[in-house]
Every structure is written in C-alpha cells, then in structure tokens.
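Written out below as structure tokens is the structure these notes cover.
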Amino acid sequence: MLTQQENEYLTQVGPGTPGGDLLRRYWHPIALAQDLSDENPTKFVRVLGEDLVLCRDKSGNTGLIAGKCPHRNASMVYGRVEERGISCAYHGWLMDCEGNIIETPPERNDAIMKNVKTTAYPLQIFLSMIWTYMGPTPVPPMTRYDTLFRKDGHRDIRLHPVLDCNWLQAMENSMDPAHLQVLHQEFIGGGRSPVNTTRGYTDDVESFEFYVTEFGLMKKRTYKNGTVDEHPLVFPSILRQGASTQFRTPIDDTHTWHVHINFHPTADGSEPEDAFEPKIEDMGPYKQSPEAMHPQAHFTMHHVIPQDHMAWETQGPLADRSIEHLSYSDRGVVLLRRVLKEQIEKVQRGEDPLGVQRGENPPMINTNIDEDWFAKGFRQAMAEKPAAG
Ligand code: FES
Ligand SMILES: [Fe+2]
C-alpha cells in the first residue's frame, strides 16, 4: 500500500515531477517513422505529458517541437512545411527543426528571432520508429540493448492499442509472475485443463525470485518440472519477455503507448540485411468500443495481451494504491517501487539512473536473450525448419 502522495511521486510523468524527471533521462520510442510522409508531414504527439508536434520539412529534416506556436499558441500540427522548416498556419512564423525562429511575418522581429526558441527535442529514427530524449544535456546515447542492436536476427514490430492507464501499472505487471498462471490460463495449458479457474496453473510453479540487475530487475519463475524462465524488466519502462522487447512509453499520467519489438536471432548467426527494418503489425483493438473506458468498454480477452490490457486498465486510469492489499507474491512489485524511488532520488541528486550509458560507443548490454527458453525454442524451430522463415 502507498499513500496518495507516494503514489503520485512514483507515477506522475509531467515536466517538473520527480517521476517525470527520471523518465526524461531515457530515450523513448514515440511514433512509427511511417507516421510522417510527404502527404502527412506533421503529427501531434503527447509524450510525458507534453503536447508536441512531429514534423518533416521539405529538406528531409525531422523535428519534434512544441505543440503550440511561440507567437500566440496556435497548433503547429496545422503548420505548412517548406525547405527551411515549418511555418505556423496562423501568421506564418517559421521554425526550423531545432526550434530556431527564422521568420516572424508580417514584420521581421530580430529581438524575437534572437531571444526566443520553441521547444525542440532530439530525435532519432531507428528500427522504423521515432525516438526522443527529453532530458537535460549532455544527451546520452540510446542504451545499447542486445535486442535492439544485435545484427544477427530479424525483427518485427507489434503495435498494441494505446493503454488508457498509467505506465507503472504495466510495469508492475512485469514484476508479477504469479498472474500468468491465472489471468492467461486459457492460453498456457498446452491441452491440459486447469484444476479450477481460481488456481489456473499455479501448481505448475515451484517458486518465484526477484533481483536487481545492472539494467533493471529480474523476475525468475522456476517450474516443478525444472524449467526456469527469467524475464528482465529493463529500467524503467521496458519488459523483455521471450523474443519481445515491450515498450510502455508514457503519453501522460493516464495513457501509455504500447509497442513490442520482437527479435528473432538467426539459427546460424548470420546477419541479414534487413535486420533493422522490421515489419509492422497493428494488433488492436482489444476492446469494444476501442475508445471506451472501463466499465463501458468490453475487453475482448481473446489472447494474452488483451487480457493484460484488461487487468491494467481496470485498475483505474491511475491505480489507487492506497486501497490495495499486497501479499507475499507481490514482493516483486514492492521491489520495483523501492528501486523506482531510489532511482528518482538519484536523478534528484544529479546522478545518472540505472541503464543510462555514456560515451561514444558504449558496450552492448546482454539481456540474456539466447538463454531465454522462448527465444531458444524459436531458434531450434528455425534450425529444424529453415524454410519457415
Ligand atoms: S500563432 Fe503562430 S504565427 Fe501567430
Ligand atoms: Fe500477462
């Protein structure tokens, strides 16, 4: 259980909040690269509680700038792009992708052009997605996780519906191994029937363990048949589970962008040319009506991720942790909250939090994907049936 104050401390994402300061120390995926095109050169995005506009000018520069024009606040999403940048539709003030104001029609106001800048965040296009870093300088490199940077495999992207809830609800689920055997019981039995719906396949499991790693936290599940699975929570907003690296980018306090990048290593270690050009699949919707909120919404529950969305969203747009009753099996959730608080405090002291790398060419971080039974199973299947893929 947390007090309301502790709950806000861990969950708020906006500028100037402790949690928002922590989240601003990382690169986050915020959109698909294909969302910008010649026909649609601007896109409204809300990230970490800030309203922003993605734009691509006619010179090919991509920018992420403040959603409101610095003149008198009209939306830049209606701006017209040209070679030099994006021009506000209202009076034509022109901004480049770095946020410099380079024209101020109808007059030329040198004082404004010299002294005023609009917000512009660094971005990268990588793995068919647009990523941004919204924190203080110096800007760190994107953390070199193996599932993102390894060359010896294929990737695909699964785009899940936007979660109508706070990001931490999804991340607490990543430290909650007990739910698998109950919430997802329709999909994990392998032809067996569960003893009853209350226990599901709980009795398959011998033990759960949790520990802190160099880049986040680990949950470990040991089954009675000797199988072990370990799925790392990659701090702060990623779960690496099997082949998937699951990003939960906070849009604002009560909405979260949910996208999976799946990495499938080649059986022979070869490096395919399209390793960094994933195909994209849209997985939604997971509820009817897609825009509705609980209790008006009806979740489809037709597979694992829709079931997760049901659990996370029905906890509330921002779960009230002052009314929960934690049990022994929730100790991974407790550990996550403790580590999150410690890392927020580190940022408040001016230190880099867990998982931030520095330097020009930081080492690749091994999230143990080759040891993961799911990925291993995929590799074996690929080796036995190379024609499959
Ligand atoms: S509000 Fe944008 S130019 Fe006036
Ligand atoms: Fe789940």
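Keep in mind that this is a model prediction, so the values were computed, not measured. For ligands, and for the atoms within them, numbers begin at 1 and follow the listed sequence.
- Residue His71 counts as close to atom 4 (Fe) of ligand 1, with an N, O or S atom under 2.8 Å.
- Within ligand 1, the atoms closer than 4.0 Å to a non-hydrogen atom of Gly92 are 3 (S), numbered from 1 in the order shown.
- Classified by interplanar angle (parallel below 30°, tilted 30° to 60°, perpendicular above 60°), the ring pair His71/His91 is perpendicular.
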Next item on the list: Could you please spell out the steps behind the side chain to side chain donor-acceptor pair (under 3.5 Å) verdict for Ser174 and Arg248?
Entry: CA-CA 11 Å; Ser174 304; Arg248 291 84 183 252; 2.8 Å; yes
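- With Tyr328 as the aromatic partner, Arg331 meets the cation-pi criteria of under 6.0 angstrom to the ring centre and within 45 degrees of the ring axis.
- The nearest N/O/S atom of His91 to atom 4 (Fe) of ligand 1 is ND1.
- For Arg221 and Phe208, the positive end is not near the middle of the six-membered ring at less than 6.0 Å and at most 45° from its axis.
- A perpendicular orientation is assigned to the rings of His309 and Tyr286, their planes being inclined by more than 60° (bins at 30° and 60°).
- For the Fe ion (ligand 2), the nearest N, O or S atom contributed by His184 is named NE2.
- Nearest protein heavy-atom neighbour of atom 1 (S) of ligand 1: Arg72 N, 3.4 Å.
- For the residue pair Tyr133/Gln124, the side-chain donor-acceptor check at 3.5 Å is not satisfied.
- For ligand 1, the atoms sitting less than 4.0 Å from at least one non-hydrogen atom of Trp93 are 3 (S), numbered in the order shown with element in parentheses.
- Listed by number with element, the atoms of ligand 1 under 4.0 angstrom from any heavy atom of Tyr90 are 1 (S).
- Remark: Arg155 qualifies as a cation-pi partner of Phe276 under the 6.0 Å distance and 45° angle criteria applied to the six-membered ring.
- The angle Cys88:SG - atom 2 (Fe) of ligand 1 - Cys69:SG amounts to 100°, with values rounded to 10 degrees.
- Residue Asp308: an N/O/S atom is found under 2.8 Å from the Fe ion (ligand 2).
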